[in-house]
Structures are given as C-alpha cells and as structure tokens.
Amino acid sequence: FDEVIVDIATKRKQYPRKILECVIKTLKARHE
Amino acid sequence: TFSRVKLLDTMVDTFLQKLVAAGSYQRFADCYEHLHRLQPETTQRIHDKFITQLQASIREEISEIKEEGNLETVLNSLDKIVEDGKNHKGPAWRPSGTPERDLCSVLAPYFLQQRDTLRRHVQKQEARNQELAEAVLAGRRQVEALQQQVQAQQQAWQALRKQRRELAAVLME
Amino acid sequence: SVDPMTYEAQFFGFTPQTCMLRIYIAFQDYLFEVMQAVEQVILKKLEGIPDCDISPVQIRKCTEKFLCFMKGHFDNLFGKMEQLFLQLILRIPPNILLPEDKCQETNPYSEEEFQLLQKEIKELQEKYKTELYTKQALLAELEEQKVVEAKLKQTLTLFDELENVARDHGTSDFRESLVSFVQNSRKLQNIRDSVEKESK
C-alpha cells in the first residue's frame, strides 16, 4: 500500500511536467 | 510560523527526556534488585551508561535519518512553502484522483497560448484576404470594363464592315 | 480509515507513516540493543563476584521486567511523538498548495472547459486552413485577371492600331469613311464624266 502511495505521489509530481514537455513539443511542431 | 527542524529536535528531546524519566534509576534498581543490593555503585554506573548509550543511539539515528532524507533542507523548504501560502484561506486544491482532470489546468495555459496565436493568424489572414478580395473585385470590374470596351470596338468594327459591304454593294450596282 | 497522506508523499517522496515506522523500528532496535548490552555487562560483573548466587536466568528475568516496562513507556511516548510529527512536521497544511500544483490555483481549468478550448483550437485551425485556401484562390484569380487583362489590352491595342491604319487612310470611323467613300465615288464620277466628255 505504501509503495502504491509513493508511486502515485511520485507520478503526480513528475508526470505533469513530462507531459507538458511533450505537449509543448507537439504544439510547436503543429505550429510550424 | 515555526521551524519544523527545530520542532523535530524539540520533540525528540522531549521524547528522550520522558523515556529517560520513565527508565529512572529507581525503576532500574527495582528490576535488578539483587544486583542493586549486591553492588549499588555498579548498578548506578550501569544505569548511567544505559541512559547515555540510549540517548546517544537515538540522537545518532535521528541525525542519520536527517542526513539520509536530506530532511533539514526538505523541512526548511516546506516551512517556506507554508509561509508563502499562509494567506490562502480555506482548503487548497488537492489531486482529484483523475489525472486527466488534474492535467487540464497544467496544460491549459499552453493551449490558450496556441489558441491566441491561431486567432491572431486567422485575423491577419482574414484582413489580408479582405484586401485580396477587394483587389479581385476591382480586377473583375477592370476586366469587365475592358471586355465591354473590346466588345464595343468589335461591334463598331463589325458594324463598319457590314455597312461598308452594303455601301460597296450599292456602289457596285 | 487510513489517511494515505499522498500529498505529503508527493512532497517528501515517502509517506510520513513509513518515515515514522522507520524511526520507531530504529529506536526500538536501539532500546533492545542497549538492554542487551546492559545485560551482558551485568553478567560479566557478576562473573567477577565470588560466590555470587544470582543466576543468569534471574538477570534475564530482571532484564525482561525492565525492558517490558521501558517498552510500554517507549510505545506510549512514541505514539504521542508520532501524532505530533504527523500533525505538525510531516504534514502539508490543508490550505497549502505545493509549487508544482500552483497552476491548479492560478488558472483552474475544468475538463469541460478544456474540451471546449480544444474544440475552439480545432475550429480555428480549420478556419485558418480555409483562409489560406481562400488566399490561394484569390491570388490565383488575380494572376488569371492579369493574363486576361493583358489579352484584352492586347486586343484593344489591335483595335487602336486598326483605328490608326484606318485613320491614316481617312477612314477612322464609319461616318468619315462614308463621307470619304461618297467623296471618292463623286470624284470617280466626275473623273468618269470628264473622261467621257473628252473622249466625245
């Protein structure tokens, strides 16, 4: 249970930034 | 506003004080009464050693945990975050448990930016096309005028040619 | 109900409960170790006492009695300390947002709003494409108009040249040409008459 919590919390901390990087790349590519 | 690191140290100190108080010499002597009766000084020394060692071990453990988890820095940064957010009344946002939903606010600023850029491009292109459309309409009018001119000239020449023929025919007779 | 303290785990990288468990186990191990060391020391001491009638079993019983007492207090004190840790130190106050979640407060966006925004962007992209096609069509027509105008102007120039030729020979337009025809024909008739007269 503890590992699951830490895993989810870590994803909540890191994934938005990672996804954002991908989205920004996509938007830039689409813009070009 | 308080320092979490200081509070942590205070709590551990209090814990140790109370633990030491619970493990008093009196209590220790009660438990090891034979030894205490036989050699009270030794018992006292052993008890003192017990307390010193226990405190040292626990303090060392806390330092290790602080070291390992970089706890001091982390707690100080939490102090700062709490200080910065202290004016926020009411419960702050928390993850909803649906990542897609939580991501909306993360991504929105960038999509809003894209929308605004697109809006500007569309407006610019529309204005440009407006000019082009006017130029096309003017061009169509121009072409029409020219076509009419040509038509008029053509008709005039044809009329002329026709009348000449008639005239020539008359003259011929 | 267990509070998983996920938000705290997001900040610390571990769950506060695990942290406290780690501390508890470490402290407890030390208590046991020190107790064991105490018992070893006592047994050694007793070995050095001649005719000592205290047996190691008795000492073990004393150790267990003292340890049991200490452990009870230890658990009680640790429980209180743990509560304070979890309430005051290892907790994100409910009104506090972590930096990485700032955007949730500065520009909260619901899923519905986000979908609307996506839809608007799609429409704008279509609109932009349409405008680009329109631009191309307009530019193409302007090119075409240029060609047509050039052709028409060429035709007009042709007519102008015809005009000029006609003018050079006195027939710039019908009336004039008629007049000149009539004049020429009258001249011709006069010439013919005079020739006939001459010949008579």
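Below, chain A is the first sequence line, B the second, and so on; all start at residue 1.
There is no contact between C:Asp29 and chain B, counting heavy-atom distances below 4.5 Å. Of the atoms belonging to C:Lys65, heavy atoms from both backbone and side chain fall under 4.5 Å from chain B. Using a 4.5 Å cut-off between heavy atoms, C:Ile59 contacts chain B through both its backbone and its side chain. Contact annotation for C:Phe78: both backbone and side-chain heavy atoms come within less than 4.5 Å of a heavy atom of chain B. For B:Glu60, no part lies under 4.5 angstrom from a heavy atom of chain C. Heavy-atom distances place both the backbone and the side chain of C:Phe66 under 4.5 Å from chain B. Only the side chain of B:Leu71 comes within contact range of chain C, with at least one heavy atom under 4.5 Å from a heavy atom of that chain. Interface remark: B:Leu8 contributes backbone and side-chain atoms alike to the contact with chain C (heavy atom separation under 4.5 Å). Using a 4.5 Å cut-off between heavy atoms, C:Glu120 touches chain B through its side chain atoms alone. Contacts between C:Glu105 and chain B at a heavy-atom distance below 4.5 Å involve the side chain alone, from C-beta outward. In this structure, the portions of C:Phe74 lying under 4.5 Å from any heavy atom of chain B include both its backbone and its side chain. Only the side chain of C:Leu117 comes within contact range of chain B, with heavy atoms under 4.5 Å apart. The contact between C:Gln10 and chain B is made entirely by side chain atoms (from C-beta outward), counting heavy-atom distances below 4.5 Å. Neither the backbone nor the side chain of C:Glu144 comes within less than 4.5 Å of any heavy atom of chain B. Heavy atoms of C:Ile42 lying under 4.5 Å from chain B belong to its backbone as well as its side chain. For a residue to count as touching a neighbouring chain, one of its non-hydrogen atoms must lie under 4.5 Å from one of that chain's; by this rule C:Gln118 touches chain B with the side chain only. Of the atoms belonging to B:Ser57, heavy atoms from both backbone and side chain fall under 4.5 Å from chain C. When heavy atoms are compared at a cutoff of 4.5 Å, B:Asp30 approaches chain C solely by way of its backbone atoms N, CA, C and O. For B:Leu112, the parts sitting under 4.5 Å from any heavy atom of chain C are the backbone and the side chain alike. No part of B:Gln55 comes within reach of chain C, as not one of its non-hydrogen atoms sits under 4.5 angstrom from that chain.
Across every non-hydrogen atom of B:Ala92 and C:Leu97, the tightest pair is CB-N, 4.1 Å.
Classification of C:Lys71 and C:Asp75 as a salt-bridged pair holds, one side-chain N sitting under 4.0 Å from a carboxylate O. Using a cutoff of 4.0 Å between basic side-chain nitrogens and carboxylate oxygens, C:Lys44 and C:Glu47 are not scored as salt-bridged. The pair B:Glu144-B:Arg141 does not count as a salt bridge, with every side-chain nitrogen at least 4.0 angstrom from each carboxylate oxygen. Using a 4.0 Å cut-off between charged side-chain N and carboxylate O, C:Asp3 and C:Arg91 make a salt bridge.
The closest side-chain donor-acceptor pair between C:Glu141 and C:Gln145 falls under 3.5 angstrom. Between B:Glu134 and B:Gln130, the side chains place a donor N or O and an acceptor N or O closer than 3.5 Å (distance only, hydrogens not considered). Residues C:Asn76 and C:Lys80 have side chains that bring a donor and an acceptor to within less than 3.5 angstrom of each other. In this model, no donor atom of one side chain and acceptor atom of the other lie less than 3.5 Å apart for B:Glu72 and B:Asn76. Side-chain contact, C:Glu112 with C:Ser110: a donor N or O sits under 3.5 Å from an acceptor N or O.
In terms of heavy-atom pairs under 4.5 Å with chain B, the best-connected choice from C:Leu90, C:Thr63, C:Leu132, C:Leu188 is C:Thr63. Of all the listed residues (C:Ala37, C:Pro93, C:Cys52), the one sharing the greatest number of non-hydrogen pairs under 4.5 Å with chain B is C:Pro93. Each of B:Gln39, B:Arg140, B:Arg119 has some count of heavy-atom pairs under 4.5 Å with chain C, and the biggest count is that of B:Arg140. Annotation: maximal heavy-atom pairing with chain C below 4.5 Å, among B:Leu7, B:Asn70, B:Leu107, occurs at B:Leu7. Listed options C:Leu88, C:Leu98, C:Val41, C:Asp160 were ranked by heavy-atom pairs under 4.5 angstrom with chain B; first place goes to C:Leu88. In terms of non-hydrogen atom pairs under 4.5 Å with chain C, the most contact-rich of B:Thr43, B:Asn129, B:Leu132 is B:Asn129. For the set C:Leu152, C:Thr155, C:Asp101, the entry with the most heavy-atom pairs within less than 4.5 Å of chain B is C:Leu152.
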Check against side chain to side chain contact (heavy atoms under 4.5 Å, CB included), B:Arg94 and C:Ile92 = CA-CA 11 Å; B:Arg94 284 293 181 268; C:Ile92 312 285; 3.8 Å; yes

Could you go through the salt bridge (Lys or Arg N to Asp or Glu O under 4.0 Å) check for B:Asp79 and B:Lys6 one step at a time?
-> CA-CA 11 Å; B:Asp79 290 345; B:Lys6 282 206 184 67; over 6 Å; no

Give the C-alpha distance, both sets of side-chain angles, the deciding distance and a yes or no for side chain to side chain contact (heavy atoms under 4.5 Å, CB included) between C:Phe32 and C:Gln36.
-> CA-CA 6 Å; C:Phe32 292 162; C:Gln36 212 166 18; 5.9 Å; no

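Between the side chain of B:His34 and the main chain of B:His36, no donor-acceptor pair closer than 3.5 Å is present. Looking only at distances, a side-chain donor or acceptor of B:His47 sits under 3.5 Å from a matching main-chain atom of B:Gly23. Panel note: side chain B:Thr98, backbone B:Arg101; no donor-acceptor pair is recorded below 3.5 Å.
The stretch residues 105-147 of chain C participates, sequence neighbours left out, in these ring-ring contact (aromatic ring centres under 6.0 Å, His included) pairs: B:Phe111-C:Phe114, B:His121-C:Tyr128.
Within 6.0 Å of the NZ atom in B:Lys49, the count of heavy atoms belonging to other residues, nucleotides or ligands does not exceed 12. No more than 12 heavy atoms of other residues, nucleotides or ligands sit less than 6.0 Å from atom NZ of C:Lys127.
For a heavy-atom cut-off of 4.5 Å, chain B lies close to no residue in residues 191-200 of chain C. For residues 17-24 of chain C, a heavy-atom distance under 4.5 Å to chain B picks out C:Arg22, C:Ile23, given by residue number.
Test C:Lys153, C:Lys151, C:Lys146 against C:Glu149 for salt bridge (Lys or Arg N to Asp or Glu O under 4.0 Å) and you get one pass: C:Lys153.
Between B:Phe28 and B:Phe50, the ring-plane angle classifies as parallel under the 30° and 60° cut-offs.
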Extract all donor-acceptor atom pairs below 3.5 Å that involve side chains of residues 12-21 of chain B and protein atoms in other chains or at least two apart in sequence.
| from | atom 1 | to | atom 2 | distance (Å) |
| --- | --- | --- | --- | --- |
| B:Asp13 | OD1 | B:Arg59 | NH1 | 2.6 |
| B:Thr14 | OG1 | B:Thr10 | O | 2.7 |

